[in-house]
Amino acid sequence: MTDLASAVSSLPPERESTTLADGARVAVMGGGPAGSFFSLFLLDLAERAGLSVSVDIYEPRNFAIPGPQGCNMCGGIISESLVQTLAMEGINLPATVVQRGIDSYVLHMDVGSVRIDTPLHEKRIAAVHRGAGPRDLKEAKWSSFDGHLQSLAIKRGANVIPVRIDQIERQEGGVRVTGRGREPLVYDLLAVAVGVNSGALKLFENLSLGYRPPETTKTYLREYLLGTETIGRHLGNSMHVFLPNTPGIEFAALIPKGDYVSVCLLGDGIDADAFKTFLESPEVRRCMPPDWTPDKFSCSCAPKMNIGAAVLPYADRLVFVGDCGVARLYKDGIGAAYRTAKAAANTAIFNGVSAEAFERHFWPTCRAIDRDNGVGKFLFGFTKLIQKTPSARRAVLATTDAEQRRKHGVRRHLSLVLWDMFTGSAPYKEIFRRTLHPGFLTGLVSGGVRALLGLAKSRPYAPASPEARPPVADQGEDRAEIGSGHELSAR
């Protein structure tokens, strides 16, 4: 017997009724990243523990179809840390999935713009479409990220049932699940991975679970078809982030993806007027082609975004993973899906599927993310102050610009803080610790003095010259497999 099988067999006898036995059936509600990660990990751990477990993924969307039928309504940035973590799990992102690699961020404010390169010059950030692409997609050059993860789960043994779940009932020893147009089936465990935009969460309101969905905020997303070469000339291989002094907007970004640019805005006060004001701002206009028209877009949606943790995201034989459980504040939702899905799968195999087991072994992962989000809210409070204070914006610009001009190997304290805030590549508590470093504080004070003395000049954005970056048409190295350990020319 393997060590893993021994761990499973050693569970206390009184908990045998809430453990996954050989031949157990598991339903996964939602086939996006959280559902696919959970299925992958559960099947892998079950096999290593000597258990035969069947997994049915209920997912009505087809991620191979462009537009709303396959879309998962997300900005589509895979953080540097998650790319590396997935690689260690053996999950590499192929060239067919990565629309563009991100090798830098450009921070835009009304006082100027500054480019922030990857801290270690490792180009390991991926821009992807969660579905096949916008509704007007003519040529399928790239594949869906969500579809790729789902295909890995299928190869591992999961079965995808392409229908919605219409009814959920709890009964002794199982969960009764009824898919639309299908006969009900009883499962030993139901993992819920539907996100916060799904009406399916209403199915749990009358089950007396104590579950309450997470708090959300507003987002606005649009896709613009510009073409790969045009994007390369005007935006390059950078994600462009904005700190606009526009009420209601907390964060905004332009994300280049293949032939498209995704516009993403976050904030509780976003409405049509705020969106229009942002798109017509000089900072955005300088990034886009001269003939670009904000009203001519390919797709548009306004999904909700998780900014907190659910109340009681678990019960006997039920567990909520991904956005409907907890997600990182504003960033790296896919990373949170990975962490919560893995914790839930580990708990189910090694500790059982009771509420007690999930509370002891799954909830700590959710709680850690939620507590870190508390630090993130504190940090974004300072970001709001910067947005509202011209001298602070000039200080940030001056300090970051000075750091980016230093030789490689010299610590760039503010740049690293901004990089991790934008990418989600580090926990917020780690970012906060970096703000307490003497070098960070000294640099920011120096930048503030330069701003007060009028020495911090406005620097309008201008795309890098062709000599300063690889040719746009050279997509070979750019589209190499991400996660294999190879450094990419651009992502």
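- Residues M305 and T216 form no side-chain contact, since every pair of their non-hydrogen atoms from C-beta on lies 4.5 Å or further apart.
- In terms of the side chain to side chain contact (heavy atoms under 4.5 Å, CB included) criterion, residue partners of P289 (sequence neighbours excluded) are, by chain and number, L226, T230, H234, D291, W292.
- More than 12 non-hydrogen atoms from other residues, nucleotides or ligands lie less than 6.0 angstrom from CZ of F380.
- By the 4.0 Å N-to-carboxylate-O rule, R164 lies too far from E59 to be salt-bridged with it.
- In this structure, R412 contributes its side chain and E403 its backbone to a donor-acceptor pair below 3.5 Å.
- Under the 3.5 Å distance criterion, the side-chain polar atoms of Y224 are matched with a main-chain donor or acceptor of P294.
- Between the CZ atom in R100 and the CG atom in L235 there is a gap of 8.5 Å [rounded to 0.5 Å].
- At least one side-chain heavy atom of L40 sits less than 4.5 Å from a side-chain heavy atom of I91.
- Summarising the geometry of D268 relative to K218, their closest heavy-atom pair is O-CD, 3.5 Å, with the distance given to 0.1 Å.
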Atom pairs and distances, side-chain donor-acceptor, residues 270-277, under 3.5 Å, sequence neighbours left out:
| from | atom 1 | to | atom 2 | distance (Å) |
| --- | --- | --- | --- | --- |
| D271 | OD1 | D273 | N | 3.2 |
| D271 | OD1 | A274 | N | 2.8 |
| T277 | OG1 | D273 | O | 2.9 |

query: Is there a side-chain contact (heavy atoms from CB on, under 4.5 Å) between I78 and V128 once you walk through the steps?
result: CA-CA 8 Å; I78 312 300; V128 301; 4.0 Å; yes
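- Residues A368 and R339 share a closest heavy-atom pair of CB-NH2, 4.3 Å.
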Verdict with supporting geometry, R393 and L243, side-chain contact (heavy atoms from CB on, under 4.5 Å): CA-CA 9 Å; R393 297 197 293 274; L243 296 179; 5.8 Å; no
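- Inspection of the S238 and S104 side chains reveals an N or O donor paired with an N or O acceptor under 3.5 Å.
- Judged purely by distance below 3.5 Å, without hydrogens or angles, the side chains of S415 and Q404 pair a donor atom with an acceptor atom.
- With rounding to the nearest 0.5 Å, the separation of CE in M421 from CG in L329 is 8.5 Å.
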message: Walk me through whether L254 and M239 qualify under side-chain contact (heavy atoms from CB on, under 4.5 Å).
response: CA-CA 6 Å; L254 303 181; M239 179 171 165; over 6 Å; no
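- Judged by distance alone, the side chain of S446 and the main-chain N or O of T442 form no donor-acceptor pair under 3.5 Å.
- Applying the side-chain hydrogen bond (donor to acceptor under 3.5 Å, both in side chains) definition to pairs two or more places apart or across chains, those involving residues 373-389 are E250-K384.
- A salt bridge is defined here as a Lys NZ or Arg NE, NH1 or NH2 lying under 4.0 Å from an Asp or Glu carboxylate O, and R130 with D146 meets this definition.
- For CZ of R212, the number of neighbouring non-hydrogen atoms (other residues, nucleotides, ligands) closer than 6.0 Å is 12 at most.
- Proximity of L107 to V396: side-chain heavy atoms (C-beta onward) are separated by under 4.5 Å at one or more points.
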message: Using side-chain contact (heavy atoms from CB on, under 4.5 Å), reason through V261 and I231 one step at a time and then give a plain yes or no.
response: CA-CA 8 Å; V261 171; I231 291 172; 3.7 Å; yes
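- Residues Y260 and H129 meet the side-chain proximity criterion, which asks for heavy atoms closer than 4.5 Å.
- A 4.5 Å side-chain heavy-atom check between V263 and F278 finds at least one atom pair inside the cut-off.
- The backbone N or O of K296 lies less than 3.5 Å from no partner atom in the side chain of T293, so there is not a single donor-acceptor pair.
- Between Q84 atom CD and L86 atom CG the span is 10.0 Å, to the nearest 0.5 Å.
- Using a 4.5 Å heavy-atom cutoff, the side chains of T340 and F362 are in contact.
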field: Derivation of the ring pair (Phe, Tyr, Trp, His ring centres under 6.0 Å) call for F432 and F378
entry: CA-CA 9 Å; F432 177 72; F378 179 77; 5.8 Å; yes
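- For S198 (side chain) and G195 (main-chain N/O), no donor-acceptor pair under 3.5 Å exists by modelled atom type.
- The distance from atom CG of D103 to atom CG of N237, rounded to the nearest 0.5 Å, is 5.0 Å.
- D401 places no side-chain N or O within donor-acceptor distance of the main-chain N or O of L397, the cut-off being under 3.5 Å.
- Proximity of V326 to F320: side-chain heavy atoms (C-beta onward) are nowhere separated by under 4.5 Å.
- S79 contributes no side-chain N or O that, together with a main-chain N or O of D332, makes up a donor-acceptor pair within less than 3.5 Å.
- Taking 4.5 Å as the limit, every side-chain heavy atom of P214 sits out of range of all side-chain heavy atoms of D323.
- Closest approach of C324 and V321 over heavy atoms only: SG-O, 3.4 Å.
- Contact between T365 and A343 at its shortest, heavy atoms only, is OG1-CB, 3.5 Å.
- In this structure, the ring of Y338 has its center less than 6.0 angstrom from the ring center of F41.
- Summarising the geometry of N92 relative to P94, their closest heavy-atom pair is O-CD, 3.3 Å, with the distance given to 0.1 Å.
- With rounding to the nearest 0.5 angstrom, the CZ atom of F242 is 6.5 Å from the OG atom of S281.
- H108 and S113 share a donor-acceptor pair across their side chains, judged by distance under 3.5 Å alone.
- Taking the ring pair (Phe, Tyr, Trp, His ring centres under 6.0 Å) definition, one finds that Y105 meets it with W419, F422, sequence neighbours left out.
- Within the structure, no pair that satisfies the side-chain hydrogen bond (donor to acceptor under 3.5 Å, both in side chains) test touches residues 299-309, not counting sequence neighbours.
- Taking CG of L43 as the reference point, atom CG of L152 lies at 12.0 Å (rounded to 0.5 Å).
- For the pair R328 and Y428, the cation-pi criterion (under 6.0 Å, within 45° of the ring axis) is fulfilled.
- Taking the side chain to side chain contact (heavy atoms under 4.5 Å, CB included) definition, one finds that I161 meets it with D56, Y58, N159, V163, R182, Y187, sequence neighbours left out.
- Closest approach of G147 to S144, counting heavy atoms only: N-OG, 2.9 Å.
- Looking at S36 and Q150, their side chains never bring a donor and an acceptor atom within 3.5 Å of each other.
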